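One structure is given below, encoded as C-alpha cells.
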Amino acid sequence: MKKFKRYTITSALPYANGPLHIGHIAGAYLPADTYVRFLRLRGEDVVYVCGSDEHGVAITLGAKKEGLTPKAFVDKYHNIMKKAFEDFGISFDIYSRTSNEIHYKTAQEFFTKINDQNLFTIDSSDQYYDEEEKIFLADRYIIGTCPNCANPNAYGDQCEKCGTSLSPKQLINPRSTVSGKTPVLRPTKHWYFPLDKFEGWLKEWLVEGHKDDWKTNVYGQCKSWIDQGLQPRSITRDLDWGIPVPLPEAKGKVLYVWFDAPIGYISATKELKGKDWEKYWKDPETRLIHFIGKDNIVFHCIIFPSMLKANGEFILPDNVPANEFLNLEGEKLSTSRNHAVWLHEYLQEFPGRRDELRYVLTSISPETKDADFTWSDYQKKVNSELVAILGNFVNRVMVLTWKYFDGKVPSEKEIAGTTEKRKKILAYYNQAHTDLDKTVKEMINCLQTFKFREAQFQMMNLARIGNKFLADAEPWKLAKEDMEAVAAILNYALTVVGNIAVACEPFLPDAAKSIKKQLNASGLDKKWNELWTKEQLVHTVPEGHQLNAAELLYKNIEDEDIARQVSRLKKTESKPMEATNLKAIKPEVVFDDFSKLDIRIGKVVAAEKMEKSDKLLKLTINAGVDTRTILSGIAKHYSAEEMVGKQVAFIANLAPRKMMGIESQGMILSAEDSDGKLRLIRPDEIVNPGSTVS
RNA sequence: GGCGAGGUAGCUCAGUUGGUGAGAGCGCAGGAUUCAUAACCCUGAGGUCGGGGGUUCAAUUCCCCCUCUCGCUACCA
C-alpha cells in the first residue's frame with residue numbers, strides 16, 4: 001500500500017433542510033469519525049472536514065414554506081445539525097457551511113480557474129420568464145397553443161395532440177403553469193461542465209486505476225455510468241440564492257448547488273488551516289478520502305473528481321468508501337412519514353449513551369448491503385455485548401484489584417512455573433498474549449481497509465480474550481494459596497484493560513475516557529498509542545500505580561426503554577403530517593377553469609401491465625359514452641388483476657398522449673400520500689359508467 | 001425494461017483464486033463457575049450457501065436462465 005504523508009477526510013455535506021437521523025450517521029459520519037480517530041491515534045497528520053450544504057432551490061422552497069428567508073432557514077438547520085454532531089461526538093476538525101464568505105470566494109475562484117481554460121461551454125438562449133414568480137420557466141412549465149394543430153394546451157417541448165416537437169417560443173399565447181400569467185422572453189445563458197470530455201480520463205483513472213481498491217458497490221455503479229456515456233452538465237442557475245457566477249455577463253446567475261457544494265470541503269480546510277491549507281488538497285502525498293452514502297456515489301466518484309481534474313491543481317480522491325442505506329424496523333427511513341430515529345431526539349432520550357448508538361450502528365454498518373436497525377437489536381447488542389463482555393471485563397478486573405491489592409497495580413514480576421497450577425497459568429497467559437496480538441493486528445488491518453464492523457468486532461475480542469483469561473486463570477481461587485500468581489494475573493489483566501482503553505477509542509470514545517479515568521491514567525499514557533503503531537499490546541500500567549474507584553461503563557437497556565421507543569415510532573407515524581411537509585396551495589382559478597375539465601367515472605374492464613415499464617398499467621375503461629384506453633403510472637401500487645372491475649375517476653377530455661408507443665386517452669385520478677403512495681379516487685357507491693364528477 | 005449491488009444457520013453478517021466434515025457474534029439448549037452488571041467460561045443443536053439448468057473428476061464458489069430485495073435510469077398526463 002502506498003504510504004501517505006497526510007490525510008484529508010471528508011464526510012458528505014448534509015443538506016441544511018432538516019435534522020439528522022441515524023441513517024445519515026451510519027452512512028457517512030460514524031465510519032469517517034472512527035477512521036479519523038484511528039488515524040489520529042497513529043499520529044497521522046489528518047484534517048477531517050464537513051459542513052452544511054446551504055444552497056439550491058430546495059432551500060428557497062423550504063424557507064418559503066416556513067415563512068423564513070433562505071438565510072434564516074439555513075441558519076436554523078445549520079445550528080441544529082452542528083449541535084447534534086457535537087453532542088454526539090463526531091470529531092470534525094471543522095464543521096463549516098457553504099454560505100460562508102470564504103466559501104463564496106473559493107467556489108468562485110474554482111469556477112474562474114476552469115473558465116480561464118475555456119473548458120466550460122455556454123449555451124445561450126431566450127427563455128420564458130415568469131414575472132410574477134420571478135423565475136425562469138423550464139419548457140414543461142409553459143403551455144400554449146400549438147402552431148401546428150391549434151391545440152390550446154400544448155407543452156413547451158411537445159404538443160401531445162399532434163406529437164410535434166416544439167420549443168416554447170413556437171407556442172401561441174404561452175402561459176406559465178406556475179402562476180398562470182403570460183411569461184416574457186428573456187435572454188439567458190448557462191455554463192456547462194463538459195463531463196463528456198473527461199470520459200477517456202475517467203476510464204483510465206477510475207475504471208482501470210481503481211478496479212481493485214474500491215468497494216464493489218462503488219466501482220460497479222461508476223463503471224455503469226461511464227459506460228453509458230457522459231453528458232455535459234449545466235452548472236449555473238437563474239436564482240437569487242446561491243453563489244454568484246463571477247463573470248460580468250452572468251449577472252443574476254448563481255452556481256448550481258452541486259457545483260459549489262463539494263468545493264465546500266476545500267473552503268472548510270482553508271478556514272481551518274489558513275495559509276497551510278494547500279498541502280491538504282494539492283500535495284500528491286496527501287490521501288483524500290470521501291465518506292458518503294450510496295446516493296452520492298456518482299457525484300463524488302465521477303463529477304467532483306472531473307471538476308478537480310479540470311481545475312488542474314488538486315489531488316483526487318484515493319478512495320470513496322460509500323455505504324449502502326440503513327432501514328429502520330424493516331422499513332425505509334422516511335422523513336415525511338417521520339419513520340426515523342432522529343439524532344437529537346436519541347441524545348435526549350438516552351442521555352450519556354452515545355457509545356451505545358455508535359456501537360450498534362457500527363456493528364450493523366451497511367458496508368456491503370442495506371442494513372436494518374431495530375430497537376430490540378439495539379437492546380440485545382448493548383446488553384449482551386457492551387455490558388456483558390466489555391463493561392463486565394473492565395469491572396471485574398477493577399473489582400479484583402481493589403479487593404486483593406487495595407486498588408494498587410500489583411507486581412509486574414512474571415511468575416516461574418514452579419507448580420502445576422503455575423505452569424497452567426503461564427500457558428493461559430501465553431495463549432492470551434498470542435491471541436491479543438493477533439487481534440490487534442487484525443483490528444488495525446480492518447480499519448485500514450474500511451471494514452469498521454469487523455474492526456469493532458476485533459476490538460471486542462480483546463475483552464472476550466480477557467474474560468477467558470480470567471476464567472481460565474481463576475485468580476479468586478489462587479488468592480488463598482499464591483498471591484504472587486494473583487498479582488501476575490491481575491497485572492496482566494490490567495494491562496489488557498489499558499490496551500482496551502486505547503483500542504476502543506475510535507469506536508467508543510466515552511468508554512475510553514471512563515477506563516482511563518478508572519485507571520487514573522492521566523500522565524502515564526504517553527506510550528499507550530504504540531498499540532496502534534507497533535500493532536501489538538503495550539505495557540500500560542506501572543507497578544504500584546494507584547487506581548481510581550471502579551465505575552460501570554454501561555448499564556443494561558431495560559425493556560421499557562425499548563417499548564417506549566417502538567411505540568413512539570408507531571405513534572408519530574400515524575399522526576397527520578405537519579403542514580410544512582405538504583405542498584403549497586396552487587394559485588387561485590375561477591370556476592370556468594374548473595368546468596373545462598370533464599371528470600367522469602368509468603369501470604375498468606381490462607387491465608394489463610405494460611411491458612418494459614415498471615410503473616405503467618394499461619387500463620381499458622368503460623366510460624359509458626365510449627370505451628377507451630388509459631395508461632396510468634400506478635403499477636407499483638395496484639396490480640393489473642385488482643384493478644379489473646374497479647370504478648375509477650378519470651379526466652375524459654385531456655389531450656391524448658403517447659407513452660411507450662400507446663396512446664393514453666385520459667388520466668386516472670388518485671391521491672398521492674407524502675411518501676409517494678398512490679390511492680385511487682373512487683365513488684362512494686357504484687354509479688353508472690360515464691357519470692360526471694363536479 | 002436497461003444497468004449496478006445483494007439474496008449463506010432463528011437474527012446480524014463473514015467466507016470460498018472450485019476440492020479435506022461451510023464459519024463468527026447474538027439468540028437457544030445443556031454443563032461448569034462465583035471475581036463480576038443473573039454477568040463470564042465450556043459444550044451442543046441449527047444451514048440441500050434464493051430456485052432451475054450447464055461446464056467439471058468435483059460448484060455454495062465459474063457460465064446461462066428465473067426469482068426476490070435495494071439503488072441508478074426510462075416510462076408516471
Side-chain angles (χ1 to χ4, degrees), chain A residues 140 153 155 160 215-225 227-228 293-295 297-298 322 324-325 327 330 332 360 363-374 376-377 380-381 383-404 451 453-454 456-458 460-461 463-464 466-479 486 489-490 493 550-556 609-617 630-637 650-651 654-662 664-670 672 676 678:
Chain A
R140 272 274 145 180
N153 294 313
Y155 286 94
E160 255 114 49
K215 289 170 70 169
T216 51
N217 58 339
V218 176
Y219 180 82
Q221 190 177 348
C222 292
K223 187 168 183 306
S224 158
W225 253 71
D227 287 349
Q228 279 170 36
K294 71 172 158 182
D295 50 335
I297 288 176
V298 166
E324 301 284 304
F325 286 159
N327 293 326
K332 277 189 236 187
V360 173
S363 74
I364 60 169
S365 182
E367 288 170 5
T368 53
K369 55 184 161 188
D370 291 355
D372 193 28
F373 178 95
T374 67
S376 82
D377 196 42
K380 263 187 221 155
K381 288 206 152 81
N383 292 358
S384 64
E385 296 178 35
L386 281 183
V387 173
I389 294 168
L390 178 59
N392 182 43
F393 173 64
V394 173
N395 183 243
R396 63 199 297 209
V397 173
M398 290 299 295
V399 169
L400 283 167
T401 308
W402 274 100
K403 180 165 176 178
Y404 296 124
K451 294 176 188 159
R453 201 171 47 203
E454 176 68 13
Q456 180 175 257
F457 177 72
Q458 294 300 341
M460 289 296 285
N461 271 348
R464 289 191 176 95
N467 272 322
K468 181 164 163 51
F469 173 66
L470 282 186
D472 288 341
E474 298 179 308
W476 48 90
K477 280 191 180 163
L478 285 166
V486 174
I489 292 166
L490 285 183
E551 60 183 41
L552 296 182
L553 287 183
Y554 302 106
K555 291 201 183 95
N556 275 314
K609 181 127 194 310
M610 284 287 286
E611 262 182 53
K612 300 188 179 181
S613 167
D614 284 353
K615 292 182 186 166
L616 290 178
L617 286 186
I630 294 181
L631 302 186
S632 183
I634 53 173
K636 290 233 166 113
H637 311 277
F650 69 99
I651 301 179
L654 191 68
R657 155 94 176 188
K658 255 192 176 179
M659 283 181 282
M660 318 241 2
I662 293 183
S664 177
Q665 301 155 318
M667 171 177 170
I668 303 292
L669 299 183
S670 61
E672 181 173 1
L678 297 178

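Residue numbers start from 1 in every chain, and the chains themselves are labelled A, B, ... in the order their sequence lines are given, proteins ahead of strands. Just so it is clear, the structure is predicted and the values come from calculations on it, not from any experiment.
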Taking atom P in both B:rU17 and B:rU55, what distance in whole Å separates the two? 23 Å
A:Lys555, NZ: over 12 other non-hydrogen atoms inside 6.0 angstrom: no
B:rC40 pairs with, by Watson-Crick or G-U criteria that keep both distances under 3.5 Å: none
Charged N to carboxylate O under 4.0 angstrom, A:Glu324 versus A:Lys294? yes
Side chain of A:Leu552 only, heavy atoms from C-beta on: which candidate in B:rU37, B:rC35, B:rC75 is closest? B:rU37
B:rA14 phosphate, OP1 or OP2, under 4.0 Å from A:Thr368 side-chain N/O: yes
Starting at atom CG of A:Asn383, determine the distance to atom P of B:rG27, rounded to an integer number of angstrom. 10 Å
What's the shortest heavy-atom distance between A:Lys609 and A:Leu617, and which atoms? CA-CD2, 3.8 Å
From B:rC70, B:rC41, B:rG25, nucleotide with atom closest to A:Lys332 side chain: B:rC70
Under-4.0 Å side-chain N/O to phosphate OP1/OP2 contact, A:Lys403 with B:rA36: no
Using the P atom as the reference point in each nucleotide, state the distance between B:rC28 and B:rC64 in Å, no decimals. 44 Å
B:rU20 - base-pair partner by Watson-Crick or wobble geometry, distances under 3.5 Å: none
Base, sugar-phosphate alone, or nothing: which one does A:Tyr219 contact when heavy atoms must sit under 4.0 Å apart? nothing
Nearest-angstrom distance from the residue atom CZ of A:Arg396 to C1' of B:rA36: 6 Å
Separation of A:Lys215 atom NZ from B:rA14 atom P, in whole Å? 10 Å
More than 12 heavy atoms of other groups within 6.0 Å of A:Lys223 NZ: no
Most 5' of A:Ala471 and A:Arg464 on RNA chain B, judged by nearest nucleotide: A:Arg464
Mind checking if A:Leu631 touches a base, just sugar-phosphate, or nothing, with heavy atoms under 4.0 Å? sugar-phosphate
Under a 3.5 Å cut-off for both distances, is B:rU69 Watson-Crick or wobble paired, and to whom? B:rA5
Checking base pairs now: Watson-Crick or wobble, both atom distances under 3.5 Å. What partners B:rU60? none
Searching all strands shown, indicate the nucleotide that pairs with B:rG27 (Watson-Crick or G-U wobble; both distances under 3.5 Å). none
Between A:Leu390 (CG) and B:rC26 (C1'), how many Å, whole number? 16 Å
With C1' as the reference atom in both, quote the distance from B:rA9 to B:rA22 in angstrom, rounded to an integer. 10 Å
When you check the glycosidic angle of B:rG53, does it come out syn, meaning within 90° of 0, or anti? anti
Measure from the side-chain N and O atoms of A:Asn327 to the backbone N and O of A:Asp370, and report whether any donor-acceptor pair falls under 3.5 Å. no
Integer-rounded Å distance: B:rG10 C1' and A:Lys380 NZ: 9 Å
Any ion pair linking A:Glu454 and A:Lys451 (charged N to carboxylate O, less than 4.0 Å)? no
Assert: residue with more 5' nearest nucleotide on RNA chain B, out of A:Glu324 and A:Lys294, is A:Glu324
Looking for any heavy atom pair under 4.0 Å, which part of the strands does A:Glu385 touch: base, sugar-phosphate only, or nothing? sugar-phosphate
Hey, does A:Thr374 reach any base, or is it just sugar-phosphate, or nothing, if we go heavy atoms under 4.0 Å? nothing
Among B:rU37, B:rA36, B:rU33, which nucleotide has an atom closest to any side-chain atom of A:Asn556? B:rU37
Identify the nucleotide, in any strand shown, that forms a Watson-Crick or G-U wobble pair with B:rA74, with both distances under 3.5 Å; if there is none, say none. none
Between B:rG4 and B:rU20 - P atom distance, rounded Å: 31 Å
Check every atom of B:rC3, B:rC72, B:rC40 against the side chain of A:Ile389 and return the nucleotide holding the closest atom. B:rC40
Using a 4.0 Å heavy-atom cut-off, does A:Ala371 contact any base of the nucleic acid, only the sugar-phosphate backbone, or nothing at all? sugar-phosphate
Minimum heavy-atom distance A:Met659-A:Ser664, with the two atoms named: CE-CB, 3.8 Å
Any A:Arg657 side-chain N or O less than 4.0 Å from OP1/OP2 of B:rC76: yes
Using a 3.5 Å distance criterion without hydrogens, assess whether the side chain of A:Thr401 forms a donor-acceptor pair with backbone atoms of A:Val397. yes
Suppose you measure atom P in B:rG53 against the same atom in B:rU60; what distance do you get, rounded to whole Å? 12 Å
Taking OP1 and OP2 of B:rC42, is either one under 4.0 Å from a side-chain nitrogen or oxygen of A:Lys468? yes
Just N and O in the side chain of A:Ser384: are any of them under 4.0 Å from OP1 or OP2 of B:rC40? no
So what does A:Lys223 touch, heavy atoms closer than 4.0 Å: a base, only the sugar-phosphate, or nothing? nothing
Which whole-number value in Å describes the distance from A:Glu454 CD to B:rG23 P? 17 Å
Could you tell me whether the phosphate oxygens of B:rA14, OP1 or OP2, come under 4.0 Å of any side-chain nitrogen or oxygen in A:Arg453? yes
Tell me: CE of A:Met398 to C1' of B:rA36, nearest whole Å? 13 Å
Closest to side chain of A:Leu616, choosing from B:rC76, B:rC13, B:rG71: B:rC76
Rounding to the closest angstrom, what is the interatomic distance between B:rC76 and B:rG15 at atom C1'? 43 Å
Closest nucleotide among B:rC13, B:rC72, B:rU12 to the A:Lys381 side chain: B:rU12
Using the C1' atom as the reference point in each nucleotide, state the distance between B:rG21 and B:rU48 in Å, no decimals. 16 Å
B:rU37 C1' sits how many Å from A:Glu551 CD, rounded? 14 Å
Sticking with atom C1', work out how far B:rC13 lies from B:rG27, rounded to a whole angstrom. 14 Å
By the 4.0 Å heavy-atom rule, please label A:Lys615 as base, sugar-phosphate, or nothing. base
Using the side-chain heavy atoms of A:Asn392, tell me which of these nucleotides is nearest: B:rA39, B:rC70, B:rG6. B:rA39
Classify the side-chain pair A:Arg464/A:Asn461 by whether it contains a donor and acceptor separated by less than 3.5 Å. yes
Just to be sure I understand the rule, does A:Val399 reach a base, reach only the sugar-phosphate, or reach nothing, if contact means heavy atoms closer than 4.0 Å? sugar-phosphate
